[in-house]
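First up is the structure itself, then whatever we jot down about it.
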There are 4 protein chains.
Amino acid sequence: MPKIGMEPLRRAALVEAAIIEIGHAGTLDVTVSQIARRAGMSSALAHHYFGSKDQMLVAAMRHILTLFGAEVRAALQGNPTPLQRIEALIRASFSTRNFQPEIIAAWLNFYVQAQTSAEARRLLAIYRKRLHSNLRAGFRPLVRDPDIASETIGALIDGVYIRQSLHDDALAGGDAVSLILASVTRIIEADPRTS
Amino acid sequence: MPKIGMEPLRRAALVEAAIIEIGHAGTLDVTVSQIARRAGMSSALAHHYFGSKDQMLVAAMRHILTLFGAEVRAALQGNPTPLQRIEALIRASFSTRNFQPEIIAAWLNFYVQAQTSAEARRLLAIYRKRLHSNLRAGFRPLVRDPDIASETIGALIDGVYIRQSLHDDALAGGDAVSLILASVTRIIEADPRTS
Amino acid sequence: MPKIGMEPLRRAALVEAAIIEIGHAGTLDVTVSQIARRAGMSSALAHHYFGSKDQMLVAAMRHILTLFGAEVRAALQGNPTPLQRIEALIRASFSTRNFQPEIIAAWLNFYVQAQTSAEARRLLAIYRKRLHSNLRAGFRPLVRDPDIASETIGALIDGVYIRQSLHDDALAGGDAVSLILASVTRIIEADPRTS
Amino acid sequence: MPKIGMEPLRRAALVEAAIIEIGHAGTLDVTVSQIARRAGMSSALAHHYFGSKDQMLVAAMRHILTLFGAEVRAALQGNPTPLQRIEALIRASFSTRNFQPEIIAAWLNFYVQAQTSAEARRLLAIYRKRLHSNLRAGFRPLVRDPDIASETIGALIDGVYIRQSLHDDALAGGDAVSLILASVTRIIEADPRTS
DNA sequence: CATGAATGAGTTTTCATTCAT
DNA sequence: TATGAATGAAAACTCATTCAT
């Protein structure tokens, strides 16, 4: 019973399933069949929609980044002060959703995928550039060298985030945010824009 | 063709080859045959000496950590001031050797392996604990909360390091060190130990 | 090339092929590829349907036992006298089909498999129990100790059967039956039920 | 430190080890290394002494048959009556040594080996011929058709013996002997030699 | 005599992918 | 659109066997 307009639903289901499977497994070594089964369809159909496993993984990655982007945009709603802007970015990175072990593991594996797939690399580069320019927009009115400030905080976010993938002695989401915010404060105080 | 005492040589060759192969591929999905070929022997011999691919990968990881540990120990020679101590740790993390793309890629993949292998997780935990206690030893005379300071700098090191795995717009080793040292300075100035 | 409902056909073909291959080789050391080739498919498909070589061998064994069971049931049709009943059981054991060298060799190897596989052991135990209770049902009206009688004839059947696996100076199927029937007669005459 | 006269010791050790390993494993699928390790030497040496795994297995088989033959010869010492002679043969087959699970499993596997190896087949044929002629020598003065009698008892011995390989609901050694002796008695009584 | 070193050939098993229906 | 059927290719791992020492 073919249905009309199934395509976007199927694709979405597969992407969701892929993220969950990768997160559970902690590896990109999940089979297309596993993903398809979780998404409630045959692996053949998964191929029909994505052409190849790689493209499916890329789509999954794109999805995570899209969600993250949306979260950031939502957090920047209203008319935040520069500092609130920075804080919002940090909070988004460690939001309940993004801080789930499965998502962290998936994210980590996308770094690995980026070693092989140009498309994946491109996506991660975009994520990084966006984060960077968002942070810079926040820092510009506050410090003299907003580029360095953004680079530092960006790297710190990634570092704290990736460390979570080891589960043990992990930081709580809130602690992670505090740690980073403290760095933000220090940066601003140490290099105030004296205009 | 020496016929005795080959084991340590073979194991070393395999570990070296594994790191290089993983680095080149950017994945743990390298075959034992590839590794063995690079090490100049048959895959059967690789299995003979390591029992399984996993144990070989763990050995490779252990090797990287050992080398890193040695580098750190060497850097801490002499009678460094606390600040020099911290700087030495940071410099070691971004030494020419450790900052090679292959080593970075291998390191990244060990994070992935840690998702599955308890032994790998254990090794990474050890690395982290050592780095932490070394940093703390440096920070203790300088700041009031050496734990937070170490946690921050540790995460920053990891973040900067992992970001290199994307090769594009990468920081030079020296820039990485400067960036982190600036954070160290700020931490010390913001939270001086007033003894 | 039918495309649906292939599973039972494929499984049956594989089971048949497995029995033949094992019989020809005289060993369980036949490769899945050999079996699959004889069954006209790839070894991958064989794994797809059976999950593992072991499960395929167990299925083969189950098949042989099922056929044997059917043969016995057929032989017990009608309203046989107790003696006819016993004779039918013996004849079934040495029927043309069961007395083929391939089947004998396969059967022998299942004894070996039972040393390792609990499932195989279970199946052989079932076969033995059935044979025993069938024999006992025949002997009960005829002798005073039907248990011993059944145990003796059961062991004799197995002994004559297994000896065939050595092919040389083998007994013909008919001779085997006569030999065992003579024992049956002696047992009945020596220990008549004097009701 | 080469030693003189080691050969027979080494060979004996290997043969013993092979029987034990096969018995434990319940299969001929034991590795030469396992056997050699148990015999306290390298697998290379095992090859040196036997040329191939097969020849080693044949030697193991020959050893079992030799031991069995010795046991029989010992049992036939003195001046036994014909009936004692038969009884001695049966008892030897189920002696404590021969009735160990390991020996039974090894024996069973030699039947399998005989499917492939002509030498193994030859050895089993010899065993059978000897048993047959020994039994016949016992039966000749007692029954009119000693050939059939021997064939029957021989098959019964093999049947009872092989059935033990399934361990469950096994007969004790003594019960096995009684069961078979009862058959002997019946045969003699049913077909007395009336000279 | 004895062995550690070494490997070729093979085996089970897995999986992405294709295709007929 | 959807899938069961099917497979080629590869991977990890094993093992009997050889050989230099």
Side-chain angles (χ1 to χ4, degrees), chain A residues 1-7 9-10 29-37 40-57, chain B residues 1-7 9-10 29-36 40-56, chain C residues 1-7 9-10 29-36 40-56, chain D residues 1-7 9-10 29-37 40-57:
Chain A
M1 301 101 187
K3 292 192 184 165
I4 283 184
M6 287 307 282
E7 173 151 359
L9 278 67
R10 295 294 200 186
D29 282 335
V30 290
T31 71
V32 174
S33 295
Q34 277 168 42
I35 295 171
R37 194 176 316 128
M41 71 196 82
S42 72
S43 67
L45 194 53
H47 272 93
H48 176 66
Y49 280 126
F50 282 105
S52 79
K53 182 184 179 181
D54 264 14
Q55 285 173 269
M56 201 165 83
L57 295 185
Chain B
M1 293 112 185
K3 273 286 157 183
I4 221 165
M6 284 278 90
E7 174 151 359
L9 279 67
R10 292 301 198 182
D29 282 335
V30 290
T31 71
V32 173
S33 295
Q34 278 167 42
I35 296 172
M41 72 195 83
S42 72
S43 66
L45 194 54
H47 275 99
H48 176 64
Y49 281 127
F50 279 107
S52 78
K53 182 182 178 180
D54 263 18
Q55 284 174 268
M56 200 164 86
Chain C
M1 294 112 188
K3 271 288 154 181
I4 221 165
M6 282 278 90
E7 174 150 359
L9 281 66
R10 293 299 200 185
D29 281 335
V30 290
T31 71
V32 174
S33 295
Q34 278 168 40
I35 296 172
M41 72 196 82
S42 72
S43 67
L45 194 54
H47 275 97
H48 176 64
Y49 282 126
F50 280 106
S52 78
K53 181 183 179 179
D54 262 18
Q55 285 174 268
M56 200 164 86
Chain D
M1 300 102 187
K3 292 194 186 165
I4 283 185
M6 287 307 284
E7 173 149 1
L9 279 67
R10 294 293 200 187
D29 281 335
V30 291
T31 70
V32 173
S33 295
Q34 277 168 43
I35 295 171
R37 195 176 316 126
M41 71 197 81
S42 73
S43 67
L45 194 53
H47 273 91
H48 176 65
Y49 279 125
F50 282 105
S52 79
K53 182 184 180 181
D54 265 16
Q55 286 173 268
M56 201 165 82
L57 295 185

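Per chain, numbering begins at 1; letters A, B, ... match sequence-line order.
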Taking for each residue the nucleotide of DNA chain E bearing the nearest heavy atom, is the 5' side occupied by B:Leu45 or by C:Gln34? B:Leu45
Picking from E:dT3, E:dT17, F:dT3, the nucleotide nearest the side-chain atoms of A:Ala44 would be F:dT3
State, to 0.1 Å, how close B:Gly40 and B:Arg10 come at their nearest heavy-atom pair, and which atoms those are. O-NH1, 3.9 Å
How long is the line joining CZ of D:Arg37 and P of F:dC15, in whole Å? 10 Å
If you check every side-chain atom of B:Thr31, which of F:dA11, F:dA6, E:dT3 has the closest atom? F:dA11
Minimum-distance pair of heavy atoms, taken over all atoms of D:Phe50 and D:Met56: CD1-CG, 3.5 Å
When the distance from CG of D:Asp54 to P of F:dC15 is rounded to whole Å, what number comes out? 16 Å
Spacing of OG1 belonging to D:Thr31 relative to CZ belonging to D:Arg37, to within rounding of 0.5 Å: 6.5 Å
Is C:Arg10 near enough to F:dG4 that one of its side-chain N or O atoms lies under 4.0 angstrom from OP1 or OP2? no
What are the two closest heavy atoms between D:His47 and D:Val32, and how far apart are they? CE1-CG1, 3.8 Å
Consider the side chain of D:His47, meaning its heavy atoms from C-beta on, and name the nucleotide among F:dA11, F:dA16, E:dT7 that approaches it most closely. F:dA16
Closest contact, heavy atoms only, A:Ser43 versus A:Ser33: CB-OG, 3.8 Å
With heavy atoms under 4.0 Å as the rule, sort D:Ser43 into base, sugar-phosphate or nothing. base
Can you tell which of F:dT17, E:dA5, E:dT12 lies closest to the side chain of B:Glu7? E:dA5
If you look at every strand shown and take non-hydrogen atoms under 4.0 Å, does C:Tyr49 touch a base, only sugar-phosphate, or nothing? sugar-phosphate
Looking only at side-chain atoms of D:Lys53, point me to the closest of F:dC13, F:dT7, F:dT17. F:dT17
Complementary nucleotide of E:dT14, counting Watson-Crick and G-U pairs under 3.5 Å: F:dA9
Under a 3.5 Å cut-off for both contacts, is E:dA20 paired Watson-Crick or G-U wobble with anything, and if yes, with which nucleotide? F:dT3
Regarding A:His48, tell me which of base, sugar-phosphate or nothing describes its non-hydrogen contacts under 4.0 Å with the strands shown. sugar-phosphate
Could you tell me the separation between the CD atom of B:Gln55 and the C1' atom of F:dC13, rounded to a whole number of Å? 13 Å
